[in-house]
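Counting starts at 1 for both ligands and their atoms, following the listed order. Hydrogens, waters and symmetry mates play no part in the numbers below; they use all other heavy atoms, side chains included.
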Amino acid sequence: MNWYKKGLCFSCTECGKCCSGPPGYIWVDNQEMLAIADHLNLPLSTFALKYTKKVKDQYSLIERKALNGIDNDCIFLKEGKCSIYEVRPKQCRTYPFWPENVKTKEAWAQTAQECEGINDEAEVVTSDKINEILHS
Ligand code: SF4
Ligand code: SF4
């Protein structure tokens with residue numbers, strides 16, 4: 001039995017905070033790049049050149065300086081919202097249910113500091129659903 005067998009409270013407020021912050025990586029695989037390129041009506045090569053960077057043998061979406069001059073925003077964060085929401089990569093679709101975040105109660109509490117959607121008022125996501133997300 002895992003520690004979250006009763007489920008975890010989460011419902012996204014669309015605050016956009018997880019799309020901004022210290023420099024990081026928003027990993028995209030080939031299929032995800034194709035889907036985003038298609039969504040933007042761009043050839044894959046143009047999309048890759050304009051919106052991604054190669055990191056070793058992987059690709060990440062690029063970031064730009066946020067208006068506050070401190071944070072780094074995902075290039076697709078527009079006015080606090082994801083502008084490619086329907087085709088956002090798995091990394092984004094599965095947050096905050098990442099293995100490292102649900103590993104322990106403490107890790108989840110730490111994640112709640114960064115994600116306002118994790119709170120006692122939010123709807124309960126069942127452990128089955130969480131495990132499905134973890135294995136997606
Ligand atoms: S930080 Fe949490 S609540 Fe805010 S947009 Fe990201 S997942 Fe949603
Ligand atoms: S692709 Fe969308 S959801 Fe993912 S980090 Fe960028 S703006 Fe946020």
Side-chain angles (χ1 to χ4, degrees):
M1 273 300 170
N2 51 42
W3 69 270
Y4 55 82
K5 59 182 184 293
K6 288 185 179 159
L8 294 171
C9 295
F10 168 72
S11 123
C12 182
T13 63
E14 299 182 23
C15 70
K17 238 191 254 171
C18 54
C19 311
S20 186
Y25 300 108
I26 307 126
W27 301 113
V28 275
D29 65 18
N30 285 347
Q31 227 176 331
E32 290 168 337
M33 289 206 286
L34 270 170
I36 304 170
D38 195 47
H39 182 77
L40 299 172
N41 281 321
L42 288 175
L44 180 61
S45 54
T46 310
F47 164 76
L49 208 64
K50 203 168 166 192
Y51 295 114
T52 70
K53 61 182 175 189
K54 198 164 185 216
V55 186
K56 293 187 182 162
D57 57 348
Q58 287 181 277
Y59 286 89
S60 167
L61 300 179
I62 57 169
E63 297 171 301
R64 62 171 141 59
K65 227 17 157 191
L67 288 177
N68 66 12
I70 302 165
D71 291 324
N72 293 267
D73 286 352
C74 169
I75 194 74
F76 290 115
L77 185 68
K78 303 269 159 70
E79 291 169 11
K81 302 262 180 249
C82 176
S83 60
I84 55 160
Y85 192 79
E86 302 88 330
V87 287
R88 68 200 188 287
K90 181 181 162 190
Q91 176 176 330
C92 310
R93 279 185 281 113
T94 57
Y95 184 81
F97 298 106
W98 292 349
E100 62 270 38
N101 294 346
V102 297
K103 206 169 154 193
T104 61
K105 218 175 188 171
E106 293 71 29
W108 186 247
Q110 182 58 44
T111 308
Q113 301 293 310
E114 295 149 18
C115 170
E116 67 178 31
I118 301 171
N119 65 75
D120 293 345
E121 310 302 313
E123 67 184 64
V124 175
V125 181
T126 65
S127 63
D128 282 352
K129 181 69 191 166
I130 295 167
N131 290 332
E132 190 187 309
I133 295 168
L134 287 170
H135 295 111
S136 64

Q) Using the ring of each side chain (for Trp, its six-membered ring), is F47 parallel, tilted or perpendicular to F76, with breaks at 30° and 60°? A) parallel
**Q.** Y25 versus V55, closest heavy-atom pair with distance
**A.** CE2-CG2, 3.7 Å
Q.
Checking a contact table here: which protein heavy atom is nearest atom 6 (Fe) of ligand 2, and how many Å away?
A. C74 SG, 2.3 Å
Q.
Within the structure provided, determine whether D73 and E63 are in side-chain contact (heavy-atom separation under 4.5 Å).
A. no
Q: Could you list the atoms of ligand 1 found under 4.0 angstrom from a heavy atom of G117?
A: 3 (S)
Q: Please report the shortest heavy-atom distance between A35 and V87, naming the atom on each side.
A: O-CG1, 4.0 Å
Q. Has C15 got an N, O or S atom lying less than 2.8 Å from atom 4 (Fe) of ligand 1?
A. yes
Q) If you count the atoms of ligand 1 from 1 in the order shown, which ones are under 4.0 Å from a heavy atom of C115? A) 1 (S), 2 (Fe), 3 (S), 7 (S)
Q. Which residue owns the protein heavy atom closest to atom 8 (Fe) of ligand 2, what's the atom, and how far is it?
A. C19 SG, 2.4 Å
Q | atom 2 (Fe) of ligand 2: nearest protein contact (heavy atom, Å) | A | C82 SG, 2.4 Å
**Q.** D38 side-chain N/O to L34 backbone N/O, donor-acceptor pair under 3.5 Å
**A.** no
Q. In terms of atom number and element, which parts of ligand 2 are under 4.0 angstrom from non-hydrogen atoms of L77?
A. 7 (S)
(Q) Can you confirm whether I36 sits close enough to Y51 that some side-chain heavy atom of one is under 4.5 Å from a side-chain heavy atom of the other? (A) no
**Q.** K129 and E132 ion-paired at < 4.0 Å
**A.** yes
Q: Please state whether the separation between atom 4 (Fe) of ligand 2 and some N/O/S atom of C18 is under 2.8 Å?
A: no
Q | Heavy atom of the protein closest to atom 5 (S) of ligand 1 (residue, atom name, distance) | A | G16 N, 3.2 Å
Q: Compare every heavy atom of W27 with every heavy atom of E32, then report the nearest pair and how far apart it is.
A: OE1-O, 3.8 Å
Q: Could you list the atoms of ligand 2 found under 4.0 angstrom from a heavy atom of F76?
A: 7 (S)
Q) Of all the atoms in ligand 2, which lie at a distance below 4.0 Å from a heavy atom belonging to C92? A) 1 (S), 3 (S), 4 (Fe), 5 (S)
Q | Where ligand 1 meets Y95 - atom numbers and elements under 4.0 angstrom, heavy-atom basis | A | 7 (S)
Q.
Could you tell me if the side chain of Y95 sits less than 4.5 Å from the side chain of E114, heavy atoms only?
A. yes
Q: Within a distance under 4.0 Å of any heavy atom of T13, pick out the atoms of ligand 1 and give their elements.
A: 3 (S), 8 (Fe)
